Each structure stands twice: as structure tokens, then as C-alpha cells.
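All remarks here apply to the structure that follows.
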Amino acid sequence: MNERRKPYPFDRLEPKWQAIWDEARTFHALNPGEKDFDPAKPKFYVLDMFPYPSGAGLHVGHPEGYTATDITARYKRLNGFNVLHPMGWDAFGLPAEQYAIKTGQHPAITTRENIAKFKAQLKRIGFSYDWEREINTTDPGYYKWTQWIFLQIYNSWFNPETKKAEPLSTYRGGDPDSVRLAYVAEVAVNWCPELGTVLANEEVIDGKSEVGGFPVVRRPMRQWMLRITAFADRLLDGLDNLDWPEGIKLLQRNWIGRSEGAEIEFPLVGTPQRGVPTSESIRVFTTRHDTIYGANYMVLAPEHPLVDRLTTDDQKAAVAKYREQVAAKSDLERTDLAKEKTGVFIGAYVINPVNQEKIPIWIADYVLVGYGTGAVMGVPGHDDRDLEFARKFNLTVLPVVQAPGKTPEESIGFLEDGVSINSPIIDGLPTPDAKKKILAWLQERGVGRPDVRYKLRDWLFSRQRYWGEPFPIVWRDGKHEALSEKDLPLEPPALDDFKPTGTGEPPLAKAKDWIRYSENATRETNTMPQWAGSCWYYLRFCDPQNQDRFVGEEPESYWMGGEQPGGVDLYIGGVEHAVLHLLYARFWHKVLFDLGHLSKPEPFQRLVNQGMILGEDNRKMSKRWGNVIDPLDVIEIYGADAFRCYEMFMGPLEQMKPWSMKGVEGVSRFLARVWRLMMTENQAGEWELSTALQEAEPTKAQQKITHATIKKVTEDIEGLAFNTAISQMMIFVNAFTNLEVVPVSAMRTFLVLLNPFAPHISSELWQQLKSPGDITSQTWPRYDESFLVEDEIDIVLQVNGKVRDRVKVPLDATNEQLETAARANEKVRNAVGSQTIRKVVVVPKKLVNIVAA
RNA sequence: GCCGAUGUGGCGAAAUGGCAGACGCAACGGACUUAAAAUCCGUUGGGCUUAACCGCCCGUGCCGGUUCGAGUCCGGCCAUCGGCACCA
């Protein structure tokens, strides 16, 4: 009963062609040096962000980007490129581990099942991946090299002279451990009690874990860190030469958060009885050193190391109490802007170096220990936070910058540039000059210097989880040392109980035998974060089976080479990775590049973010709203080709857009019309070649639309404007529908154009037409401009910018002829009436506009 | 608060500064059919006018500007979405 009649037999032909492609290894990409590899062809590396294989399977958002890359991959192959188009699995991760905790089932089993499901779904959509290059980040053959790369990072340092990562052997200092790019530090980390692990800053949203939404608290712990901050400037500068959306570049720039300013020393007021020498000072970082005359108090972060020593006895109790309160706050509470400023005077003073005034030192939690020097000069006149603080505690507010068009009093609270006032050394100077002069003044006296600070922090790289890469590190006498390369991969121990210990000690600590490395050495028990595997997977795809290297030199320089700074030619994925994966991967890439392992300084040349697909109700798809679409359900009814084409026809790739089952049906109708253009159903209900198909010369009009379609589809694929490419193909099909004679040559051309979008139906019809060879080995058609020009063209006649008529004129009509025709036109004359013609604008081949008044 | 993106028919959308709404959905009418589905053909931004044809006016979030001409460029608002958020 629910056996719906198929508009064309996609249910038969789609699996047929998928089997043929598998069998013939149609989409297998050859590496340089392999048999049949053609070095004359240019390369094209088109990559998807590989998925985490969740238990829920694919949703319609995944195949949106995947279809876009697949169309590009098939198009590039037809254009004579060697195309690398791979797929794999980012399979370490929390959900599998959470499931293991609940059920006791090993995450590897869950992962294997989920991958099988994902793969079956992707294959059913007919993507042209080279499945022989499939990789899985949880495979020991893969994470062996993730661990190996970690060791490269561990054994490197950032040389500030060359501004590059170099092997530790070039380091001349006394303490190599202090400069390693991977180091251990006791840091205040984001500890999530619920998940039993620490998280990176990037994984904490509004004081809650990105995964699960559990509260996150600050807690000092001994952790592995990666020195990404050393690369801050290179990560910024590298963006300039990438073809990425400007918005994403901006997100990364803001995340890195480079600020140029000054570091200034405020000498402490000595109190010999407490042993504080007068030569000591507190350093602050500021970007507005021109406002230093307005600095009439100083604020330290509550955790600032000097607080204990500087607090006077009578303030000790109050300070201790305040610090206790602050420590108890979650990040969410602490950053809640709505709340009032708090703080405590610690009893000590510093001297403002420009006017020798004695100013009080406070602690307040609006100053962060992790940024700048953990201390700020309070300038209530021109910083709204300082102003709020000063008002709360009745401190003086002095204007020192006069904003344009304002009185000094009105200028209070303004952060903009202006002219310095109440500032003897720089009075009357505009802000940029004032900054320069005061900085020079401070520098001469040795109490200030130019400084650059970043919001970016070093990357917290260890996790207290089971389902991740173990660190190839052992501890001996309280010191860490690297495993040798031959000990890789280091596999995690077998465990029955994957639960977090709750103490912050990783689950691996439960495996007593595994931990014990030798008489006096034990293994590191932390694991790497999920990002590790995705930091370099695009490299492994170039050479996935290599046993001896993370990627062979020749495949790497071929697929990741080229003219551009970035290796991957096109990378499509979700915007949610704008600052996480995309920054981490660039960082690893630069380290490996510096160490001489890679050809190009950037991983991804062109990046495109696909927009989110909403439910039919215009809400985000979620179980909660019951509006989730399963791709396989759609394919069951309409077929994979219709599914692919609809995903592209919905609208611009980068735009957010709602799903519409009716829309799928419309696209499905289009494909059915393509089918019936060439096939008819006989008495027995079987499909056979249409008798209208003939080896006939296309008419002039047919040539025109064919070449217009070649042109439009070609240009639109290059510009990733797939929706309008499909529109043009619809126009083509409409033009050829219901004809007595359908020229086969035009159909063959059309099928090649359609192939990247709807590979199954186009392959089948290509074969049905008894065309030579397979459609996948054809050459992309070229359009001939001469078919597009017409003898006569439409000219728009306007009066004062309003359309009054349209006339046909010969293509070669001169401007004078156009103007004459316009003046003679009756509708134009009516519109002009008794007005005088002031001017006539003639745009050749387009329009005539008569200006009359 | 700061930064960014987006605002066009009933809906998804299209339009190198030059005919706004291509293409598709939905809706309506017709053909085919005993009938329905499917398919094919046609109409479809709003308004005024007309018996009808014809004709006219308005219209791309709002206000202004540049231009012979603005959905498109510039300035100022408003709304929605996204990111960052005490970063000194």
C-alpha cells in the first residue's frame, strides 16, 4: 500500500552504479610514483571536515558540505585534475566514553559500530571518496603518528631570533624544559567535576562545558601545555594570504587578540619593616599609556603573587576573606557583567612614575591574573570599568583626555582618542602623539617599554579521560622524558571501568601494570584532547598506509604543494570550528613546517563554511522539536541524486536555510523529467530509449541554450553557486521537454554537466544512450561564445529611469540608431510629452534612457 | 557593550549600477482519466482603472544621499541571527 511508484528507477540504478564505482576503483587517487599515475595532470585536494561518528548517524547537515565537495571533486576530475577526495573518522571523543561508563562496553566497539553506520550512509549518497584512504584517529596505526608529532613538539623550542620552531639541540640556554613547545605547568585550569576532566578555554562556554553544559570551576592542576602563544604573530600574519571568509579570519584575529601597548613600572613605597625594598616595583600593561596622569590607584588580580607580601597587617583579614570569596566563584559568576565591582585595599602603595603621587593598591576580581601582568593602573577618567570601580569606592575621577567636541568633564568615561589634558609632559597632544611621547619619556627613565600582549593562552593539552591518545611520556625522579619512536604506538591499557576517578587523577591511573614502565619510571596517565587527531588528518590522507613516516615526502609535496601558501585547495565544514580545530591545526602545521617536514606554511588555502540546515519549522533540528530529518529516509523516497541536488538547490551554500520535503519533491520531479527526456515506458511497464532521441543536428536555439548552460554551470561550480547551476539545468530540461526530435548530442553534453550533481542517473542515461566509455572519464564540455550571441537584441527604453518600452534591434546597431529608435518610439514620446529632452544616455546593447523635464 | 552576517512575493530564492522576483515550492485554472494519482499546458508581487483588452501607479526593513538610473554604492537608524565579552 505504501509502495509509492518511483518516478524513475533510482532504487535500482543507484546501488548498481555505486557497486560499479567500488568495483572499478573509479575514484581511487594515485600517488606519485604509482603505476598509471599521470604527472602531467594538475592536482586538486578537496577536503571535508571529517565527522565524529556519533551513535545518531548522519543528519542532513553533514551531507550539505559533503555534496558541495563531491560536486567539486567530480567536476575537477572531468576537467583533467588528479583529485584527492578522502574521508575518515575523528573517533576519539567523549560520547563513546560516556556510553562506555554507562554500559561497560568498550569505546572501541561502539566506535566501530558507529563508523560502520556512518560509512554505509555516506556510500548510499554516492560520494566519490577514495575509500582506500579511509582513516580512523583511534586506529593505533594512525595515533602512532599523532604521538610521534607530539614528540616533535615536545622536542622543539621556539627560537625568538628566527621566530621558528627548532629542535631543542639548537637551544643554548641552561634549562631546556623551560622552553619546550610541550611543557608541564601547574596552572589554574577549567575543571569540570561532572565530566571529571579539565577543559581547554575553547571548550568552556559561559562557564559551562561545551559538551554537556556542566559547571566548570577554576582549580590549579599540573597539566601539559602546548606553547601556541609563541606562534601568535605567525598565526595572525598567515591569515592574510588565505582564501577564507573574512568573518572567520576576524574570529581568529579576535581570539588571538593582539594588543600593542606599554609595560610600565610603578615603584613600591618602601616599608623597610616589612622587608620591601624601595627598588621593587609593580609592572602593569596598558594600551592607553597616554592616560597615566589619571592613574590614581592600582589593582592587582586577587591571585597576583605579590599580594601576600604587600598586604599590611591591618588589611590581612579583609584580603584573605576577599580572596576566599573570589576563589569560590565559578567562572560564570566571576564574569557576570551585571554584578557590581568588588575589591579590597591591601594597605600598600605605589608611586605613579609621571607625577610621583602615592597611589593605593587594591585587589579586585575584574583584573584577571592570566592577562597582561595581572595588574592594571586604575584610570577612572577613561576606562568604564575603572570608573565604575572608582565610584563604588569613592576614588577621585580625573579627566586627562579631552574627547573631540566635549568639555573635560564630559570627556569622562570616553575611551576614544582625543587631546591630553592635566598631563604636564603631553598636554595638548593628540592621543597617538601623546602615547609616543610618554612612552619615550618612560623608556628614558627605564620604567617603561613597548609591549605586545595576546588574549590567546597556551593550549591546555591534557585530559583526564580514557578514550584518547596516551602521552608517549614517562616520569622518572619527578622529571618527564620521551618514549623513543620505536615504542610507538603506545596503546592505552585494557580497562573494565572507564569512570573518572573524581579526584582529577585520570582513569589510566587505575591500570597499575600499564603505568609501571620500569623499576623507577611510570607512564604519564593523562591523554590528549580530541583535537589532537584532527590537527593533522589532512596530512595522513596523502599517504594513509605509510608505516615509516607520518606522511611520505613525495605524496606530501604533491598533494600539499602548489603555488599557494596553503596545501588543501578547498576545505568545507561548519563554522563551529572557526577558532578551535582551525587554529590548532594551523599551529601544528607551522611547527611541522618549521621542522622541515612539510612543503607549505599553511594547511588550508580556501575555506568555506556551509550554513546550518534548519527544520521545516525554521528551528534548529533537534530531537526536542521532533524536526530532525534522516538522510536515508529521504533517499528511500526520492533517491540519492534528488537528495544531493536538493541539498544544493536549497540556496547559497554558506547560508542558513530551512529544510522542505516539498522542495525535495520538486527537485525529484526535475530528475524524473531528465529521465523521461530520454526514456519512455513501454506497454509492459519497462523503460526503454525514447524514439524522439535522434542523431540530429541541434537547432540554433538548442545550441544557444546548451552553450548557455555549459557556461552557467561551469562558472557556478567554480564559484560554489550550486543552486543557480541547478536552476540553469532545469531551464535546459524545460526547453527540451515535449519535442518531437531530441538531439542526442545535446543530451550527452547535458549529462556530463549533470554528472557531478546527480552521478547515478547521469551514468545510467549515458550508458543507455550507448555513449562511448564511462561518463566519469569524459571531458568537461567547453562553451562556444559564438552560439550565445544573437542577431537581434532587446533594448530597454527608459524615460527618466522608468521603463517605457522594449524594442528589438540588430546586434550591430549604433548608438545613434538606438537613440533615433528611442526618440521615435510612441510610448517614449507619450511619456516625454511636452517636456524638453535634456539628455540621452545610451548603453550599447542594453538600454536608452531619455532625461526630460 | 564590542565585532560580524542577514533583511526581496504566501515560502526557498535570483538579479557585472541598467527590464526586480529567474528557477523551484505552494495556490488556482485547464488537458488527459469513469475517477484519483502521476504527467502535460497555463495563471500567480500589491493596487487602481476597464465589460474585456488596454492603460496607470506602488513595491527589495526604515530615513537620507550619490547617479541619467540604486535591491546593488555611501551615511544614519531599526530588526533578526551568530561570535566575543571585566583582555586593561
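Chain letters run A, B, ... following the sequence lines, proteins first, then strands; residues in each count from 1. All figures in this text were calculated on a predicted structure; none of them were measured in a lab.
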The dot-bracket string of RNA chain B, counting Watson-Crick and G-U wobble pairs with both distances under 3.5 Å, using [ ] for crossing pairs and | for pairs to another strand, is (((((((..(((.....[....))).(((((.......))))).((((......))))..(((((..]....))))))))))))....

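Here the nucleotide nearest the side chain of A/Asn738, chosen from B/G55, B/C41, B/C86, is B/C41. When distances are taken from the side chain of A/Val851 to each of B/C86, B/C68, B/C3, the shortest belongs to B/C68. Closest to the side chain of A/Arg676, out of B/C40, B/G55, B/C86, is B/C40. The nucleotide whose nearest atom lies closest to any side-chain atom of A/Gln655 is, among B/G83, B/C68, B/A13, B/A13.
For the pair A/Ala672 and A/Lys839, nearest-nucleotide mapping onto RNA chain B gives the more 5' position to A/Ala672.
Nucleotides B/A5 and B/G9 have their P atoms positioned 22 Å apart, rounded to a whole Å. Taking atom P in both B/U66 and B/G71, the straight-line distance is 16 Å, to the nearest Å. Rounded to whole Å, the separation between the P atoms of B/U8 and B/C3 comes to 24 Å. Rounded to whole Å, the P atom of B/C48 lies 26 Å from the corresponding atom of B/G64. Taking atom P on both B/G42 and B/A22, the two are 14 Å apart, rounded to the nearest angstrom.
Using cut-offs of 30° and 60° for the angle between ring planes, the A/Tyr584 and A/Trp459 rings count as parallel. Between A/Phe389 and A/Trp362, the angle of the ring planes goes over 60°, which puts this pair in the perpendicular group of the 30/60° scheme.
No option in A/Tyr638, A/Phe757, A/Trp659 other than A/Trp659 meets the ring pair (Phe, Tyr, Trp, His ring centres under 6.0 Å) test with A/Tyr646.
Taking the syn range as angles within 90° of 0, the glycosidic angle of B/G46 is outside it, so the base is anti.
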Just the atom pairs and distances: protein N or O near nucleotides 46-49 of chain B's N or O, under 3.5 Å.
none

Could you list all N or O pairs between the protein and nucleotides 17-24 of chain B that sit under 3.5 Å apart?
| from | atom 1 | to | atom 2 | distance (Å) |
| --- | --- | --- | --- | --- |
| B/G18 | N2 | A/Gln798 | OE1 | 3.2 |
| B/C19 | O2 | A/Arg806 | NE | 2.7 |
| B/C19 | O2 | A/Arg806 | NH2 | 3.2 |
| B/A22 | N1 | A/Ser727 | OG | 3.3 |
| B/G24 | OP1 | A/Asn734 | ND2 | 3.0 |

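No contact: A/Lys620 has no heavy atom under 4.0 Å from any strand. Residue contacts for A/Arg804: at a heavy-atom cut-off of 4.0 Å it reaches the sugar-phosphate backbone alone, with no base atom in range.
A/Asn830 places its CG atom 9 Å from the P atom of B/C56, with the value rounded to the nearest Å.
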